[in-house]
Amino acid sequence: MSFLDTKYKKKSAIYTGVIALLILWIIFTFGLKYFDPPIEYGIAVNFGTSNVGSGNIQPKEPLKPRQDLSQDVESVEEVEESVEETVVEEAAESQPQDTSEDVVTQDNEEAIAIKKKEEADRKEELRKIEEAKKRAEAERVAQEKKAKEEA
C-alpha cells in the first residue's frame with residue numbers, strides 16, 4: 001500500500017505543501033508583529049547623571065562623608081518619635097470634642113407600615129378627588145344638555 005500511488009495524489013500533495021508554505025511565509029513576513037521587550041511609553045526620567053536641571057547655585061566644597069552612623073540612627077529615631085507624637089496630637093485636635101452624639105435608631109417595622117398606610121390614604125384621597133371631578137363634569141354636561149333642550 002503506497003501513500004502516493006496515483007498521479008492525482010502526488011499533485012494534490014505538492015499543491016497542499018506549496019499552499020501551506022505560502023501561508024506560513026505570509027504569516028511570518030506580514031503578520032504577528034510584536035516587540036520583545038515592548039516599546040516603552042511614557043516620559044523619560046533624569047536620574048541626575050547630567051548637569052541639566054541641577055540649579056544655579058552649586059556648592060563650592062565637596063560634600064563630606066558621614067563618619068558615625070550610630071548618631072544618625074538615634075537622630076532618625078528621635079525624629080520619627082517626634083513626628084508620631086505631633087501626628088497623634090494633630091489627630092486629637094482635629095476630632096470634634098463632643099463625640100457622645102445620640103444616634104436615633106429603630107428596630108421595629110411599624111414605620112414602614114405607617115408609610116405604606118399614609119401612601120394608601122394619599123392615593124385614596126386622589127381617587128376621591130378624581131371621582132368628584134368626574135361627577136362635576138357629568139353634572140355640567142347634563143346641565144348644558146338640559147339648557148339646550150329648553151332653548
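None of these values were measured; they are calculated from a predicted model.
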- [ ] Can you spot which of E124, E125, E119 makes a side chain to side chain contact (heavy atoms under 4.5 Å, CB included) with R122?
- [x]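 That would be E119.
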
I'd like to know if [X] pairs up with [Y] as an ion pair, taking the criterion as any Lys NZ or Arg NE/NH1/NH2 lying under 4.0 Å from an Asp or Glu carboxylate oxygen.
X	Y	value
D5	K9	yes
E139	R135	no
R127	E131	yes
R140	E137	yes

Once rounded to the nearest 0.5 Å, what's the spacing between atom [atom1] of [X] and atom [atom2] of [Y]?
X	Y	atom1	atom2	answer
W25	F30	CH2	CZ	4.5 Å
L126	K123	CG	NZ	9.5 Å
I19	I14	CD1	CD1	12.0 Å
T16	L21	OG1	CG	11.0 Å

TODO: Give a yes or no answer on whether the side chain of T29 reaches the backbone of I26 with a donor-acceptor pair at less than 3.5 Å.
DONE: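 Looks like no, no N/O pair under 3.5 Å.
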
